[in-house]
Structure formats: C-alpha cells, structure tokens
Amino acid sequence: MLGKLRFRGGVHPPHSKITVSEKIQIAKLPQRAVIPLRQHIGATCEPLVEEGDHVKAGQKIGDSTSFVSVPIHASISGTVVGISTQLSPTGDEVQSIIIESDGKDEWVGTKGIDPEKSPKEQILKTIRECGVAGFGGAAFPTHVKLSPPKEKKIDVVIINGAECEPYITADHRLMLEEGEKILKGARIVAGLLGVERIILAIENNKKDALDYLRSLSNGSIDVVSLKTKYPQGDERHLIKAVLNREVPRGGLPFDVGVVVHNIGTAKAIYDAVYQGIPLVERVVTVTGDVHVPKNLLARIGTPFSHLIEECGGFKGEAKKIISGGPMMGIAQYKDVPVVKGTSCVLVLNEQRVKIAEEKACIRCGKCIEACPMGLMPTVLAALVRKKSFDTALEYSIMSCDDCGCCAYVCPSNIPLVQLLRYGKVCSRSLGKESR
C-alpha cells in the first residue's frame, strides 16, 4: 500500500519548478552577514561575542541553556560590527549579530565522529552543537526531535522529499547531487531512534530523484513514490499518505510512532556527524521574476538582495518578494537575511501580483473540501472577524496549518489565511489553548 494512500483535501497548483534543471551553485560570500540569534522554534540564543571581535566561519557566536534551542554560528570570517535588533524573514524583530567580511573565509577547525562507534549521547550533542534545526519550515531543533519521550515507541522514520510547494527545487537538487549523504544522514536518525524501517517519500513529479535514490539505497531504504498533491510536505499529511496513520489534533508524529525529517535536515545531520561542520549554509531556490533563476548554496545571514543580484536582478518591476513559496511563504517589506529555514526567495513582478476584489461568501463549500485538516475555514474567518475567539477555538482554529488551500480555491477571494493567522495569534495572546 505504500505510496497509494491519500490524505484528505489538498489542491493541485501549477508546479512552476523552473529551476529543476539548475544545478546547485555556490553563492558569492556577502560583504556583510546579518545573523539572527533565533532561527528555530524555542529559546533565543544569547550572544557569545562582542562588537569588535574577529570571528571565523563555523565559530559559535550564540547559544542558550534551554533544551529547546540550538547554537548559532558565524557563516563568514570577519569582524563583528554590531549586535542589534533586525528584521527576520519570519516577520519578527530578532537580536542579530552583524559581521563584516574580511574576504578570507577562514574556518574554525572541524572534526567529525564515527556514528557507528560513538554513543548516542555524543551523536546528539554533536548534532546540537552544530546548530542543526529542521529545514522543513518549522525549524524545530533536531536533537529535540531525535529525543522522543520514553513512552513513545517509534517504529518508522520518514525522510520527507515531497517538496510540494510550487517553484521550490532546493530539495530536488539536493537529492540528485547529495544523495549518498542524505541516505547516511537518514541512517544516523534511524540508529539514534533504534528504528529499522526508513522510508524516503518523494512525489512522482521527481522521477529522476526517485530512480537515483532507489539505485543508491539498493533496497535498504524504502523509496516511495507519491502522487503529487499540495500540501503533501506537511508531516501529518505525509504520514497519512505513506502509512495511513493519523496524527491526532494537537498531537505530534511521536504519537503515532513516527519521526519525520526533511531531506535538507538529513544532509545537515550528515555534515554535523561525519564532518563536524556547523549549519552555516543551505540551498536556496531564487526564482520567479529574476533574469537567471538559480539554486544557490548560500551562507546564513546573506541578504536576499545579494542573492537576487547574483541571479541577474529583477525582471520587470518587483511587486512582491516572498520568503518561501507562493502558498505558505511570507512577503517581505524590506531586505532580510537568509536563515536556516529559508528554502526559497520568490520574486513576483507587477504582472503576476493582482489584488482581487473580495466578495461575499457564497457558501459553496470549496474551502471545506480543500482543507486537509477537515476545518471549516469560512466559518472560522467569520468568527475571527467577530472576535469570537472562544468559539473559533471550539471549531479547532489552532489546527490550521496555514497551507493556503482554502484561499487558493475561494471564488470570493476572501483572505482566509490572513484571517485565520490573525485569529490564532489573538487566541495565543489571550492565553487560549488548542481544543
């Protein structure tokens, strides 16, 4: 049954994978890197350097004593010229360390370990010390995800290669160019969790990656082809499509015996464990209305403007720059840096950005049919507009995963995603819990 199951709802937006054949290129080093001290779920790091300090690439410059946190490292060598609050791609103002490059790209010494000869505690410590956090969007600290509660029995590891969001091809290129490292990273995950079954799940619009990774795994890992549908990359829907297990509302994959890691995270785990290399760079798809769309291996802290310039600049007048894809990405209003969760910089010009007039809800039910979480988006939106947050909680507003399917199919152009996001923020600010 693997690969033949389905999750409810979802949509089929145009793929627009215009960079799928563009091999990963190493981006030029930025003259100045802005490195936020929180790039993950959990506690913000405290700075370990001061203005005027010289740092090397890979040097730890921020850390926290909190378990749910990971260190931050310098991505370039140079001088710390400031520590101040800066805008992050998430829309948050975050204390950040600003480094002026010396142009030398000097690195601290790194040394890996042998995962087959090292105790579990040492491997987990290495992953944490290298600052590895999830690449799939939530940026959950990886060492935490690899430390499930003792009462949770994990029997399957899923490596998420769905990459269902339109335009983004970073994971696709990683699978084609770094397949062996991804599989070794997956085996490290399975070893830490004491799991024998590893499933690599890839949508069937990536046949070359499916064929290549099947040849590499030689049957030791189940490489599963999934029918392409958005938002299959969400771990809850992926688990349903692969294993027919449903994560309960308010629950986690732990609750159904599964741990899911993204392709990029598996590669970062390999880098950390085998080579001791901290997470200071990642593949970013720069696409849309730029002259030369590319997949760039960019250092953390690189300004979006630097990557856009490297892709030949804007094609036409840029009306919107999005961190991420068109479905779940966040539009930016000023230049921001690449962070650990930045998968894509999407540029849209004046011809692509059209603000449609909102009309009254016609109660067609399309949003309900499309919602993969089984919610009633139009009802929730109406409750949010009335500020009836208690009732919205009763209708499970906190289960909304911001996938955008409801807004995509709405014939009345109601800003459902924005309304539901606002409703969730208000519920949290009032101290409300998911019901």
Handout entry: Donor-acceptor contact below 3.5 Å, side chain K320 vs main chain V347
Key = no
Problem - Ring-face cation contact, Y167 with K17, 6.0 Å cut, 45° max - result: no
Handout entry: Intermediate values then yes/no, side-chain contact (heavy atoms from CB on, under 4.5 Å), K387 and C426
Key = CA-CA 9 Å; K387 300 190 184 301; C426 290; 6.0 Å; no
Practice task
Verify, without hydrogens or angle tests, whether H237 (side chain) and R6 (backbone) share a donor-acceptor contact under 3.5 angstrom.
Solution key: no
Handout entry: R236 and V247: CA distance, side-chain angles, deciding distance, side-chain contact (heavy atoms from CB on, under 4.5 Å) verdict
Key = CA-CA 6 Å; R236 289 165 294 187; V247 178; 3.9 Å; yes
Mind listing the side-chain donor-acceptor pairs of residues 251-259 below 3.5 Å, one per line with the distance, residues two or more places apart or on another chain?
from, atom 1, to, atom 2, distance (Å)
D255, OD1, K152, NZ, 2.6
D255, OD2, L252, N, 2.7

Exercise for the section: State the OG1-CG distance between T285 and L346, to the nearest 0.5 angstrom. Expected result: 10.0 Å
Practice task
Would you please test R421 and D402 for salt bridge (Lys or Arg N to Asp or Glu O under 4.0 Å) and show each step?
Solution key: CA-CA 7 Å; R421 281 180 176 171; D402 301 332; 3.6 Å; yes
Completion exercise
K340 meets the salt bridge (charged side-chain N to carboxylate O under 4.0 Å, His left out) criterion, sequence neighbours left out, with none
Exercise for the section: Over all heavy atoms of both residues, which pair between I168 and C344 is shortest? Give the atoms and the distance, please. Expected result: CG1-CB, 3.6 Å
Practice task
Would you mind listing every salt bridge (Lys or Arg N to Asp or Glu O under 4.0 Å) that reaches into residues 281-296, with sequence neighbours excluded?
Solution key: E281-R299, D289-R352
Problem - side-chain hydrogen bond (donor to acceptor under 3.5 Å, both in side chains) against S343, all qualifying residues, sequence neighbours excluded - result: none
Exercise for the section: Please confirm whether the backbone N or O of F67 pairs with a side-chain atom of H143, one donor and one acceptor, at under 3.5 Å? Expected result: yes
Handout entry: Q232 side chain vs K227 backbone, donor-acceptor pair below 3.5 Å
Key = yes
Practice task
Go through the side-chain N and O atoms of Q86 and E93 and say whether any donor and acceptor fall under 3.5 Å apart.
Solution key: no
Handout entry: Nearest-0.5 Å distance, CG of residue L192 to NZ of residue K145
Key = 14.0 Å
Handout entry: salt bridge (charged side-chain N to carboxylate O under 4.0 Å, His left out) involving D171 - partner list, sequence neighbours excluded
Key = none
Exercise for the section: List for me each residue that meets side-chain hydrogen bond (donor to acceptor under 3.5 Å, both in side chains) alongside S21, sequence neighbours excluded, and say none if there are none. Expected result: none
Practice task
List for me each residue that meets side-chain hydrogen bond (donor to acceptor under 3.5 Å, both in side chains) alongside S305, sequence neighbours excluded, and say none if there are none.
Solution key: D335
Problem - Test item: K206 side-chain N/O and A162 main-chain N/O as donor-acceptor pair under 3.5 Å - result: yes
Exercise for the section: Please report the C-alpha distance between E357 and K359 in whole Å, then the side-chain angles of each, then the deciding distance to 0.1 Å, and finally whether the salt bridge (Lys or Arg N to Asp or Glu O under 4.0 Å) criterion is met. Expected result: CA-CA 6 Å; E357 180 184 357; K359 301 175 184 177; over 6 Å; no
Practice task
Evaluate the salt bridge (Lys or Arg N to Asp or Glu O under 4.0 Å) criterion for residues K181 and E178: first the C-alpha distance (whole Å), next the side-chain angles of each, then the deciding distance (0.1 Å), finally the verdict.
Solution key: CA-CA 6 Å; K181 294 178 181 179; E178 300 285 7; 3.6 Å; yes
Exercise for the section: Specify the closest pair of heavy atoms between L416 and C367, including all atoms of both residues, with the distance to one decimal. Expected result: CD1-CB, 4.1 Å
Exercise for the section: Only counting residues at least two apart or in another chain, list the ones meeting salt bridge (charged side-chain N to carboxylate O under 4.0 Å, His left out) with E177. Expected result: R173
Practice task
Enter the distance from M373:CE to C403:SG here, rounded to the nearest 0.5 Å.
Solution key: 9.0 Å
Problem - Residues S66 and S64: side-chain donor-acceptor under 3.5 angstrom - result: no
Exercise for the section: Show your reasoning for whether side-chain contact (heavy atoms from CB on, under 4.5 Å) applies to L419 and I414. Expected result: CA-CA 9 Å; L419 286 167; I414 299 171; 4.2 Å; yes
Practice task
Dump the intermediate steps for salt bridge (Lys or Arg N to Asp or Glu O under 4.0 Å) on K240 and E246, then the final yes or no.
Solution key: CA-CA 6 Å; K240 174 64 176 178; E246 292 198 23; 3.2 Å; yes
Problem - Donor-acceptor contact below 3.5 Å, side chain T44 vs main chain L37 - result: no
Practice task
Could you list all the salt bridge (Lys or Arg N to Asp or Glu O under 4.0 Å) pairs where at least one residue sits in residues 29-43, not counting sequence neighbours?
Solution key: R32-E100, R38-D92
Exercise for the section: Under the salt bridge (charged side-chain N to carboxylate O under 4.0 Å, His left out) rule, collect the residues that match up with D208, sequence neighbours excluded. Expected result: none
Completion exercise
Rounding to 0.5 Å, atoms OG (S217) and CG (L183) come to a distance of 6.5 Å
Fill in the blank from the handout: When rounded to the nearest 0.5 Å, the distance separating CG of L383 from CD1 of I397 is 8.0 Å
Exercise for the section: List the steps and the verdict of side-chain hydrogen bond (donor to acceptor under 3.5 Å, both in side chains) for T228 and N204. Expected result: CA-CA 6 Å; T228 302; N204 61 8; 2.7 Å; yes
Handout entry: Partner of L238 by side chain to side chain contact (heavy atoms under 4.5 Å, CB included), out of I199, L243, V224, V260
Key = V260
Exercise for the section: With sequence neighbours excluded, tell me which residues meet side-chain hydrogen bond (donor to acceptor under 3.5 Å, both in side chains) with H261. Expected result: none
Problem - Test item: E203 side-chain N/O and K229 main-chain N/O as donor-acceptor pair under 3.5 Å - result: yes
Problem - Between T19 and T169: side-chain donor-acceptor atoms closer than 3.5 Å - result: yes
Problem - Whether E165 side chain and M328 backbone form a donor-acceptor pair below 3.5 Å - result: yes
Practice task
Keeping the roles fixed (side chain from E163, backbone from H172), state whether a donor-acceptor pair exists under 3.5 Å.
Solution key: yes
Problem - Test item: side-chain donor near acceptor, S396 and R249, under 3.5 Å - result: yes
Handout entry: salt bridge (Lys or Arg N to Asp or Glu O under 4.0 Å): pairs with one or both residues in residues 304-316, sequence neighbours excluded
Key = none
Handout entry: Test item: side-chain donor near acceptor, H40 and S69, under 3.5 Å
Key = yes
Exercise for the section: Compare every heavy atom of L279 with every heavy atom of A133, then report the nearest pair and how far apart it is. Expected result: N-CD2, 4.0 Å
Problem - Separation of L348 CG from K354 NZ (nearest 0.5 Å) - result: 12.5 Å
Practice task
Write down the atom of V242, the atom of A201, and the distance for their closest heavy-atom approach.
Solution key: CG2-CB, 4.0 Å
Problem - Heavy-atom pair of closest approach, residues T142 and I269 - result: CG2-CD1, 3.8 Å
Exercise for the section: Look at the side chain of N295 and the backbone N and O of K23, then say whether any donor-acceptor pair between them is shorter than 3.5 Å. Expected result: no
Exercise for the section: Provide the closest heavy-atom pair for A27 versus L307 in the form atom of the first, atom of the second, distance. Expected result: CB-CD2, 4.1 Å
